Amino acid sequence: MLAHRLIERKRDGGRIEPGEWRALALAYAKGHVPDYQMAALLMACFLRGLERSETAALTEAMLLSGDRLDLEYLGRPRIDKHSTGGVGDKVSLVLAPLVASLGVAVPMMSGRSLGHTGGTLDKLESIPGFRTNLTLAEAKAQLETLGCAMMGQTPEIAPADKKMYALRDATATVESIPLIASSIMSKKLAEGLTGLVLDMKRGSGALIQDLDRVLELADVMINLGTDHGCPVVALVTAMDRPLGRACGNALEVEEAIAALKGEGPDDLMDVTYALGAEMLVLADVCDDSASARVELENAIATGRAAERFQRIIEAQGGNPGVVDDPAALPQAAEVEIFTAARRGFVARVEPKTIGRGIIEMGGGRTRVEDAADPSVGLVITARPGDWVEAGEPLATIFARDRTGIGSGRHALRAAIVIADEAEPPLPLISHRITSRGVELYSA
Ligand code: URA
């Protein structure tokens, strides 16, 4: 009866009280509330919205539906990074070992690809043998020895969110600021962090495209963190084009390894260093972002960060040889260069079209239970604003067969727009948001 009453009230624009959210989240996690009732309630929340205090109560309720990691015994700052998702976004693969190599514990709990966006777990699993389904005990042991665990949401962490997020994905109720904020923050707060850095994507390939709504989402999440004693800093970064060049699981791991060796593309390095600097300052390892950047660059130049990634891979059952020899990653059977059909400026490289093209090629998933082929993807060297001549290479297609090459070509033809003029793309990093407000980003 509780669920029916709450659906009715939210449908009519009323509010749900903290005790009611708690009872509902617990009952749902235990299977005492059916999916059809929860789906109806989520749609009512999506359409009617939640007051800030309701968002806080829902976050708390989902957090309390499971366990909270107690990592104080590590005696180190514990900082994670969360991205709202995009195409070519392999920052976590570089950032987690990099920041861990500088003395910060990084309990990185990530998700799978869904829709057109990629997922860190799928990328990691393209490393032969790599296990992302660590138990909490395994994660804790690894945080103690290596300062980093790269894993999925365990059954103990915010189980109500786990079920609700899957249901939202199936019922077109994902794109709601209070539901996104409470979902992400319930999981992050369960990690027992001392600080959190958010990479808020904006632009045509982002979950929320419009800047004002991105800033509002950041503000809600920062407040939720503050309420729980977890300082949160957010950077707004561009997702109107893919990040870096590689899109596709094994190809992105290869690019992340190159980045850990100091050979990553500039945009990937800039976003990684900017987020890493925020993590080191939040951790009190550095006083300001300029000195933090020097530390980060140094950890890459000395090989310390790449070595940490190698040890993490080994600890999680993967083949650490991929760091020295990326050819040990799954390789596509067919490779083809894609060239420009005309001369002109690259006006757009549309991330959603790229992400959907990779799904079509078999490298992504349309349902959580689908298997993705790790070897397929697109490496796009053309950047918005570049001048190109007809016949010039713009990208390389990696596919499992000729049909996949055709799908890749089709996606690239639609995604890469060449025109006589090109509008400037979004600034790579545009805003920094803290509990004190929004400022324009300056490195
Ligand atoms: N990621 C999450 O974990 N939850 C959301 O609602 C959206 C993105």
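Each ligand, and each atom within it, is numbered from 1 in the order the structure gives. This one's a predicted model, so the numbers in the text were calculated from it and none came from an experiment.
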Residue pair Ser204 / Lys352, side-chain donor-acceptor N/O under 3.5 Å | no
How far is atom 3 (O) of ligand 1 from its nearest protein heavy atom, and which residue and atom name does that atom have?
-> Lys187 NZ, 2.6 Å
heavy-atom search around atom 8 (C) of ligand 1 in the protein gives Tyr165 OH, 3.2 Å
Under-4.0 Å salt bridge between Lys188 and Glu191 | yes
Lys90 side chain to Leu243 main-chain N or O, any donor-acceptor pair under 3.5 Å?
-> yes
Closest heavy-atom approach to atom 4 (N) of ligand 1 among Ala158, Ser110, Ser183, Ser186 is made by Ser183
Neighbour count >12 (heavy atoms, 6.0 Å) for atom CZ, Arg245 | no
Atom indices of ligand 1 within 4.0 angstrom of Arg168 heavy atoms, with elements | 5 (C), 6 (O)
Near Ile184, which atoms of ligand 1 are under 4.0 Å from a heavy atom of that residue?
-> 1 (N), 2 (C), 3 (O), 4 (N)
Within a reach of under 6.0 Å around CG of Asp266, are more than 12 heavy atoms found that belong to other residues, nucleotides or ligands?
-> no
